Amino acid sequence: MSDVRKMRVLIAKPGLDGHDRGAKFIARALRDHGFEVVYTGIRRTPEEIAAAAIQEDVAVVGLSSLSGAHLRLFPAVVEALRKADAADIRVIGGGVIPDEDIPILKDAGIKEILTPGTPVDQIIKAFEDACER
Amino acid sequence: MPVNVDIEKIIELLAKRDARGIAKAITLVEDNLPGVDRLLASLNPKNIDACLVVGITGPPGVGKSTLTGELVALFRSQGKRVGVIAVDPSSPLSGGAILGDRIRMMEHSLDKDVLLRSMAARGKLGGICGSAGAAVRIMASSGCAVVIIETVGVGQSEVDIVQLADLTLMVTAPGMGDDVQAMKAGILEVADLIVINKADHPGADSAALDMEAVLKERGIANSFTKVHKTIASEGKGIAELVGQIQLLADSFLESGERHKRRLKAHDMEVFDWAMEMLKTVVEKEIADYSAEKRQDPRLKANGILSQIMKNE
Ligand SMILES: Nc1nc2c(ncn2[C@@H]2O[C@H](COP(=O)(O)OP(=O)(O)OP(=O)(O)O)[C@@H](O)[C@H]2O)c(=O)[nH]1
Ligand SMILES: [Mg+2]
């Protein structure tokens, strides 16, 4: 209650693949750096993710996808946020994402793309930057 | 982070029951941002008075969130708008937290009449009664007929939180017998209804008997401290439990018990806010304390307090 503005983020896994080890790893790393991380579990639709992000009033949504459906799913979350009048909530994507897809995703409004090789420091930095309004 | 909140806009959205407005309002309270007093003064006291506040506590992993999700479904089937505040501890080292209660309630994500907010305890001095209490009122003011507060029952601050509620459920599961015995008397005493969840697991009946015995032993058994069995993951036993909740809520309302509890919760919240405000002032004084003028710590503390009282 003393002026402690917290960095709040939401980590979600859209799509059908059931592995959330990567998402949980990121969630724990963020917690260990002082973030409040809302975790919503696997197999969420873009609309569910957007609605949860709004209710939790997070600054950033981090998405993880291993299924190869990122080109469809990540932009769908950006779109769902825009439709819900919450385009100011930033979206970061992570997972096994081929280099050639990165510019396409950035064009679609994904702020940052994190791949399995991204060092933890850089992941934290990406979320910190995205939290700055 | 720069503060760029348009308080008038939030108040306006809040009055329209807008999801974003409600969420922003809760953040404003949690972060104690400027304008929060004006916002809280704009709330609807009639709605707050009409709302039933239910506390749910119990050991980790016994199914509190799953049960909460089921209670929400049942209240929704009665046409009621429902709010949930899920409180998790913050890491004492980093101050961060993973808030995972939502995982069990995602079925309600797209329902505009279910408000769900995860809160971290944030290591606040007086517990988090102040901000959780304000969040309850924001949700109630926006038309929630029921607000559920979920918290892991591990220590004193959790006991404080559930005291914000009009009535409290204590949830446990088979195989937690020792934990229950060891549980602080305080937690059992604030429980109005006891639930043995995971009744599909072996040992549910003996767990129920154990619980009843503990209650009798402590002399806190009454007609309502009956033990309920549920299987939250299958939606079983929920209707009976909600029936009991409603009976008890009505009886508390009639007997004046609810009024008494709200007054007590009010005092607790006032205390919390006052301590937090005081903390801010004292921390600033200490930070500004020049090395040359160091004096005995108790003397200095006294000085700070008289300074504050003079300024009033
Ligand atoms: N077998 C069985 N499993 C259940 C039941 N209710 C919940 N579970 C499972 O128990 C696990 C924990 O459930 P949660 O609802 O997250 O428990 P919780 O008490 O909220 O957990 P914390 O918030 O972490 O303390 C999940 O895997 C649920 O699916 C039940 O009645 N029977
Ligand atoms: Mg839970």
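Below, chain A is the first sequence line, B the second, and so on; all start at residue 1. On a predicted model such as this, the values are computed, not experimentally measured, just so you know.
Interface remark: A/Arg44 contributes side-chain atoms only to the contact with chain B (heavy atom separation under 4.5 Å). Within the 4.5 angstrom heavy-atom criterion, only backbone atoms of B/Val114 (N, CA, C, O) approach chain A. For B/Leu93, no part sits under 4.5 Å from any heavy atom of chain A, backbone or side chain. Of the atoms belonging to B/Ile22, not a single heavy atom falls under 4.5 Å from chain A. The parts of A/Ala86 that come within reach of chain B are both its backbone and its side chain, each placing non-hydrogen atoms under 4.5 angstrom from that chain.
How far OG of B/Ser90 is from CZ of A/Arg31: 10.5 Å, rounded to the nearest 0.5 Å.
In this structure, A/Tyr39 and B/Ile103 have side chains that are in contact, with non-hydrogen atoms separated by less than 4.5 Å. Here the side chains of A/Ile89 and B/Arg20 are in contact, with some heavy-atom distance below 4.5 Å. Here the side chains of B/Leu99 and A/Arg8 are in contact, with some heavy-atom distance below 4.5 Å. Residues B/Arg102 and A/Glu56 form a side-chain contact, since some pair of their non-hydrogen atoms from C-beta on lies under 4.5 Å apart.
Annotation for A/Asp85: atom CG does not count as buried by contact number, only 12 or fewer foreign heavy atoms lying within 6.0 Å.
Between A/Lys6 and B/Gly96, the shortest heavy-atom distance links the atoms NZ-N, 4.3 Å. Across A/Ala51 and B/Ser109, no two heavy atoms sit closer than the pair CB-O, 3.5 Å.
The closest side-chain donor-acceptor pair between B/Thr27 and A/Asp57 falls under 3.5 angstrom.
Checking each of B/Val84, B/Leu115, B/Ile26 against A/Gln55 for a side chain to side chain contact (heavy atoms under 4.5 Å, CB included) leaves exactly one that passes, namely B/Leu115.
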